[in-house]
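All values below were derived from every heavy atom in this structure, side-chain atoms included, with hydrogens, water molecules and symmetry-related copies excluded. Within every chain, numbering begins at 1; the chains are lettered A, B, ... in the order of the sequence lines, protein sequences first and strands thereafter.
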There are 2 protein chains.
Amino acid sequence: MPCRKRCGDQWWHGKIKDCGYRITAGREAIIETLSSTHDHLSAEDVYARIHDRFPNVGLTTIYRTLDMLVNAGLVFKFDFGDGKARYELTEGPKGAHHHHHLVCTGCNRVIDYTDFIDDEVELLRRTEKGLSDKYRFRIDNHLIQFYGTCTECLAK
Amino acid sequence: MPCRKRCGDQWWHGKIKDCGYRITAGREAIIETLSSTHDHLSAEDVYARIHDRFPNVGLTTIYRTLDMLVNAGLVFKFDFGDGKARYELTEGPKGAHHHHHLVCTGCNRVIDYTDFIDDEVELLRRTEKGLSDKYRFRIDNHLIQFYGTCTECLAK
DNA sequence: TCCTTAATGGGAACTATTTTCAATAATACC
DNA sequence: GGTATTATTGAAAATAGTTCCCATTAAGGA
Ligand SMILES: [Zn+2]
Ligand SMILES: [Zn+2]
Ligand SMILES: [Zn+2]
Ligand SMILES: [Zn+2]
């Protein structure tokens, strides 16, 4: 039986209120779903995971909400090349958990990695500075993905 | 009036023959189109640019050919978040012209940059090595994109 | 030249996403 | 609390990019 009461403010309430958005049960469910996994969920995936407890949250709302969350900077939208968009929280209750991706072109498996991030971040900072100066571009975030073949697919 | 004769081998003929693919007029037109621009063309864009001279090359063939070229490693497929895939040659007659992307989330403009690539490449090499050892993943290529707002959109 | 088989195009099918619109519910104000 | 305002909503229809199907064509090897 789902809790429909506002059981105290959540860590993300401020962030979306600041953008002028309202807090609704659907949004609560969607963010909760995203924050309870490390998977890279599609809109349909989110729908499937929510539908049991919130049968009255439609797919349209999922799309709209995810879009809104991307706008508010709470969610990052990816494309791994399989025709559907994937979504991931940019941060959790405990703060950001920044990572990059290793994508298998054989089976579409995606590995999050945080190793080597330190060196990368250092370089990225310099690159961002150089790029934004040269092209007069305000850089908000970046996407780094390595494509290749995973162990399982190599075995075939 | 289009030249339908095989006017001598092109630089890419070997690459696709080696993969067991045949040389056809449609494929010739598609690769020629990709190599004559630095734009990031969608399948429909390619179709539009070819259709005058090759009215008998259908959209299906464009999709199929682009897919095949991605397989053969001659073309890279991107997603800039506007719902359609974009294609770019990985190399030209004179060899690779590797670059990364700066994507404006306001107007979807895309800037290719090659500045700072040297530092990046050095780091990427190390990262790739580390990642492929740790995750036993064979890395074939990478995608680096910075997202932000371009000068024009900042002015608004 | 002939034969095998990959490649083709046109339309239909498919799939992810967006739009529309009347109904609902979250916030602001009292 | 009660009410007004206005964002949010779900369902169905519309859209758009991409893939499938299948009878026909043509590339490349013999
Ligand atoms: Zn794999
Ligand atoms: Zn991830
Ligand atoms: Zn812009
Ligand atoms: Zn490019």
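- Between H51(B) atom NE2 and dG10(C) atom C1' the separation is 12 Å, expressed in whole Å.
- Put simply, R22(B) has no side-chain N or O that comes within less than 4.0 Å of OP1 or OP2 on dG29(D).
- Which of dA26(C), dT18(D), dA16(C) sits closest to the side chain of L59(B) comes down to dT18(D).
- Protein atom CG of D82(A) is 14 Å distant from nucleotide atom C1' of dT17(C), rounded to whole Å.
- Along DNA chain D, the nucleotide nearest I62(A) and the nucleotide nearest G83(B) are compared for position; the residue whose nucleotide lies closer to the 5' end is I62(A).
- In summary, D45(A) and R49(A) do not engage in a salt bridge, as defined by a charged side-chain N under 4.0 Å from a carboxylate O.
- For the residue pair D112(B) / H38(B), no side-chain donor-acceptor distance below 3.5 Å is found, with atom types taken as modelled.
- The residue among Y87(B) and K17(B) whose nearest nucleotide of DNA chain D lies closer to the 5′ end is Y87(B).
- Rounding to whole angstrom units, CZ of residue R64(A) and P of dT19(C) are separated by 10 Å.
- In this structure, E91(B) pairs ionically with K15(B), as a charged nitrogen and a carboxylate oxygen lie closer than 4.0 Å.
- Between the base of dG17(D) and the side chain of S42(B) there is no donor-acceptor pair shorter than 3.5 Å.
- Ranking dA12(D), dG10(C), dT17(C) by closeness to the T60(A) side chain, first place goes to dA12(D).
- Between L102(B) and Y135(A) the shortest side-chain heavy-atom distance falls below 4.5 Å.
- Note: CZ (R27(B)) to P (dA27(D)) measures 11 Å, nearest angstrom.
- Rounded to whole angstrom, the span from the CD1 atom of I50(B) across to the P atom of dT8(C) amounts to 11 Å.
- Ion pair E32(B)/R53(B) flagged as a salt bridge, since at least one NZ, NE, NH1 or NH2 atom sits closer than 4.0 Å to an Asp/Glu carboxylate oxygen.
- Between Y63(B) and dT19(D), a side-chain N or O to OP1/OP2 separation shorter than 4.0 Å is absent.
- For the pair Y21(B) OH and dA7(C) C1', the computed distance is 12 Å after rounding to whole Å.
- Remark: P of dT25(D) and CZ of F54(B) are 20 Å apart, rounded to the nearest angstrom.
- Spacing between atom CG of D67(B) and atom C1' of dT8(C) amounts to 15 Å, rounded to whole angstrom units.
- For dT8(D), the OP1/OP2 oxygens have no side-chain nitrogen or oxygen of T24(A) closer than 4.0 Å.
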